[in-house]
Structure formats: C-alpha cells, structure tokens
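Contents: one structure, followed by commentary.
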Amino acid sequence: MASTIVLPGEPLGPSATNIPGPGSHIHAGHLFSSLAGPLAKSSTSKSTPNPTLTVARPSGILIPETGTTVLGRITRTNPRLANLSILALGPSGEHTCRDSFPAIIRQQDIRATEIDKVKVAESFRVGDVVRATVISLGDERSYFCSTAKNELGVVMAVSEGGNQMVPVSWREFLDERTGARELRKVAKPV
Amino acid sequence: MQADRRRLNAPAGGTAPPVFASANTSPPRRRRKADEHRKIFLQTGIVPSAAGSAYYELPPDPATPPLTRKSSLKITCTVHGPRPLPRNAAFSPNLLLTTHVKYAPFATKTRRGYVRDSSERDLGLHLETALRGVVIGERWPKSAADVVITVLEGEDDGPAGAHSGDMGSGWGMLSVLAGCITVASAAIVDAGIDCVDLVSGGVAALVHDQSSEITTVLDPAPAEHVTRAACLVAYLQSRDEITEMWMKGDAGGDLGGLIESAVQSATLARTVLVEAVKDSTEARVAAMSPPELPSTDAASKGRPKDVVTTG
C-alpha cells in the first residue's frame, strides 16, 4: 500500500478543484488535512470531475454519529423507553468504547411495523445486549437509537433462570435448559 | 506547601543529597550557539490505556561535567477522550477541552505538593488557550477530552547548587510550558482528535552575556544565563498563527524581535514534532494493514453465504 501519510495542517490542494472529505478542512481557499493518517483520493468521472480527499483516522471511529450501528446493554426500562449504554461501535462491535455512551430507545423506535402495539417490556429486559442504529444525537444526555430493522434488536439475552438463551423466532428467545420462552425484539442473525 | 493529611508526607523543602562541590565550581555555560535549540526527544503512544499519549525530554548535554550538569526536562502527556460529557455537565455542541498540568512531587529541587498549586493551574490555563485554537471542537458534539500532563522533571530556575528558598524567578516555567504545548499537540494527534495544524511551543530570551551585552538566545536554559526578559509562543507554522503568547521581564523596545525569535524556536521544535507524529502514524498504519487482508477475505467469503440464506 503506497498511500501517503499526511499530518494535520498539511496542504492537500486548492479547494476549487478538490472536495473536502472526512479528516480535512478548508482554510484560505486551500484544503488541509486535520488528522494524521493515510490520504485517500476518490476516483473522478465526467460527472464528478473533482476528487474527494479523505484522511482516514488510524484509530477508527471514536464517537457515535447518526447512522452508526452500535452494540450496547440495556440498563433500565420503563413503559415508554429503554435505556441503553453504548459499549461498542460498528455492526459487530469493531471499536470498543473506553467509556460507555448513554442512549435511549423510545417505544416508537423499537420496530418498524405496528409501532403503537409495541410494549417495551416484551421487547427488552435489563442486561440484554442489543444491536441498534443511532438516529439522532438526542437530548443533552442521551443519544437516540432505533431497532426498527430486521437485523437490529436483541442479540444476546439471559433468561429469568439465569441461562443464556437462543433466538427461535422474530419475537422469541428460548432457554434450552428449562424450555421457557421469553419475548424479545430479536435481531435477525447475520 | 499544603500538607496532605491522607498521605505520608515527605519533608517540606529540599531533599537533594548534599553535593560537596569545590568552591570554585563555575555555573554552567551555554555551549550551543545562540540560535540553536537543545536536542528534543519526543515519542507518542507510550501509555496504552490512554486514547493518546506522548513523552517529551530535553536530555542534559553529555559534554558538561557531571557536577555542573543541570537537570533536564521530562514531560508526559495523556489524552483521554473524546468521551461522553460527565453527568453534571451541561449540553455542549463542541468538544469540552480540559487541561491539567501537575509537577511530580520529585520534579524540582523544592518538593511539590500532591495538590495542584497556583503556578500549576496557571500553566494549565496557558496550555488550554494554546490548544483551543488548534482543536476543531465542532466536530465532536456532546463530548469531552482531558489533557493530563505530568512534569516528571522540571527545569531549575537558577544555577545548579543555588539553594533558593522560593521557586525562583519563574524563567524555567516558560521552557516547561513550551514542552507542554509540543507534547500535548503530539498526544492530541495521537488520540485522533481533529486539529487545524500541529502546534509547537518555543521560547526566546534576552540575556546578559559575559561582557554584559544583551543578546537574544533561543531556548534558554535558566541555569546558564542571567535572563532579562523571556517570551513564549505557541505557533502554527502552516497558518503562520500564534495561539498563545507569554512574556516575562523587561524586554525594552525590542518586543517584535523577541517574539520573532520565539517563533523561530517554535519552528525548530516543530521539526521534531512532525518526525515523531509521522513515525508513529506510519507504524500504526503498517500494523493495521496486514490484518486487513484476512478480514476482507472473510467478508468476501461471508457474502455468498448470506445470499444463500436469504434466497
């Protein structure tokens, strides 16, 4: 890989002929890098004559943004929402967070269909590990997350008896030891 | 010094072992040229548990005889964050940057307390202004970052062997702050926080030389000079901007010249900063790319399987 490493403040080219991507900024009509990392130039075509310049962060994504898929644990529930603490970023938790980010999943964001019939208690229990996507930066405390997609929802859950459960349908987990079934918003295994 | 009742306190005042130097020991002299910076050692990524970290050292000149060898400067910096705002903090659309500068208790000839004193808080404030102009805060909504600096060995204020009761006239603080700015810049870039440029600190001073003439020197070691005025800047070279300036003493009419010299000193420190950051980034990118190949391989294997399950 012969990608060039750029440092913060390094000029990347005039802003008239380049499009700033993540990791760059414009100052005095020029594009500058704002991170230390490898520089990537998108390919140009007739419709997009100017390349987009992106500087990748070697440490990867650091905080949740709108659209990020996250993994987290349910910390408490009430009839209107479930509290989540985001522990890792990325669909399979590629980037573990050093500190957990507080988030909430509102009742209307739990599933995509029949949203007025959803009950939080039949979707999440405290301790469940949930895959969700960030829909907004939220209020001053919490990010807002959603599980309204097939591949989002509970990925790991423990039964009332304390045993690890396996998903058996889109809304049920099975405790194989006792045979008990519990209701959850189950994430489709990928 | 404020006594800390929860810990076993070392005696206040100096605890350096007695050095029986002969009476004719001359104070250390500057051996490098007036426009020459001391050698800098800088390395990033030294604390694995922090998001970003760096270590800065001005090693003592090995050419000086051991008895007159002055202490060197040793600074570590760790950056924690970006992380979620603390519970009690109000909403902030920008990155909340906080800086802490602390001398280790053994850093100077006079012992320092465990609690930050006013000069340490002062250094922290100066460092914060220097960094605030560099970090692009609006890219980190609802998050905070802490810059924690520990001075392991501080620069002495007076000539070696002089047992001044107070902390001296404070000329050494400028070199310490210049080091703090440079090392914090390296650690922030190591943490992956967006910056408009690398910021480096530089000091220049007006000193009396042997013939009592006043000359300008870059990177003064306080033990080697009789200082008249000193100036520190935090300088962004690619934008030609100064984010922080601190001047002490009586510079007379030549303020501009002194600032110019401090900028020149910061430019010299930047060359080391650029090398250190570039080295560590190259190492990280090189360490990242080999595992990338198997993972893309696995992804390409996983995709056809996915099609089978959905179809």
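Each chain gets a letter, A, B and so on, in the order the sequences are listed, and its residues count up from 1. Model, not experiment: these values are computed from the prediction.
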- Contact origin within A283(B) toward chain A - heavy atom pairs under 4.5 Å: neither

- Item | Separation between NE2 of H30(A) and CZ of R239(B), rounded to the nearest 0.5 Å | 13.0 Å

- Taking the six-membered ring of F101(A) (Phe, Tyr or Trp), confirm whether the NZ or CZ of K142(B) is under 6.0 Å from its centre and within 45° of its axis. no

- Item | Greatest number of heavy atom pairs closer than 4.5 Å to chain A - which of S238(B), G192(B), A191(B) | G192(B)

- Would you mind checking which part of I5(A) comes under 4.5 Å of any heavy atom in chain B, side chain (CB onward), backbone (N, CA, C, O), both or neither? both

- Check whether more than 12 heavy atoms from other residues, nucleotides or ligands sit under 6.0 Å from atom CE of M247(B), and answer yes or no. yes

- Should R57(A) and D194(B) count as side-chain neighbours, where that means a heavy-atom distance under 4.5 Å? yes

- Task: Could you walk me through whether L62(A) and W140(B) pass side-chain contact (heavy atoms from CB on, under 4.5 Å), step by step?
- Result: CA-CA 10 Å; L62(A) 297 178; W140(B) 306 96; 3.8 Å; yes

- Query: With no hydrogens and no angle check, is any side-chain donor or acceptor of R83(B) less than 3.5 Å from a backbone partner on D99(A)?
  - Reply: no

- Query: For P8(A) and C195(B), which heavy atoms make the closest approach, and how far apart are they?
  - Reply: CB-O, 3.9 Å

- Task: Using only heavy-atom distances, determine whether the side chains of R98(A) and S49(B) contain a donor-acceptor pair under 3.5 Å.
- Result: no

- How far apart are the closest heavy atoms of P141(B) and L137(A), and which atoms are they? CG-CD1, 3.6 Å

- Query: Taking all non-hydrogen atoms of both residues, which atom of S143(B) and which atom of I63(A) are closest, and how far apart?
  - Reply: OG-CD1, 4.1 Å

- If one checks every heavy atom of A89(B) against chain A at 4.5 Å, the contacting part turns out to be neither

- Message: Let me confirm one number: the NE2-CD distance from H27(A) to E241(B), rounded to the nearest 0.5 Å.
- Response: 5.5 Å

- Message: Sub-4.5 Å heavy-atom contacts with chain B: which residues of residues 64-96 of chain A show up?
- Response: none

- Query: Would S59(A) and R284(B) satisfy side-chain contact (heavy atoms from CB on, under 4.5 Å), going step by step from the backbone distance to the final call?
  - Reply: CA-CA 9 Å; S59(A) 49; R284(B) 279 176 89 167; 3.4 Å; yes

- Message: Let me confirm one number: the NE2-CG distance from H25(A) to D197(B), rounded to the nearest 0.5 Å.
- Response: 7.5 Å

- Note on the structure: The interface call for P102(A) against chain B, heavy-atom contacts under 4.5 Å, is side chain

- Query: What part of I193(B) gets closer than 4.5 Å to chain A, counting heavy atoms only: side chain, backbone, both or neither?
  - Reply: backbone

- Item | Separation of T281(B) OG1 from L7(A) CG (nearest 0.5 Å) | 6.0 Å

- Query: chain B: which of G9(A), S34(A), S33(A) shares the most heavy-atom pairs with it under 4.5 Å?
  - Reply: S34(A)

- Query: Between V134(B) and chain A, which part of the residue has a heavy atom less than 4.5 Å away: side chain, backbone, both or neither?
  - Reply: neither

- Message: Is I136(B) in contact with chain A via its backbone, its side chain, both, or neither, using a 4.5 Å heavy-atom distance?
- Response: side chain

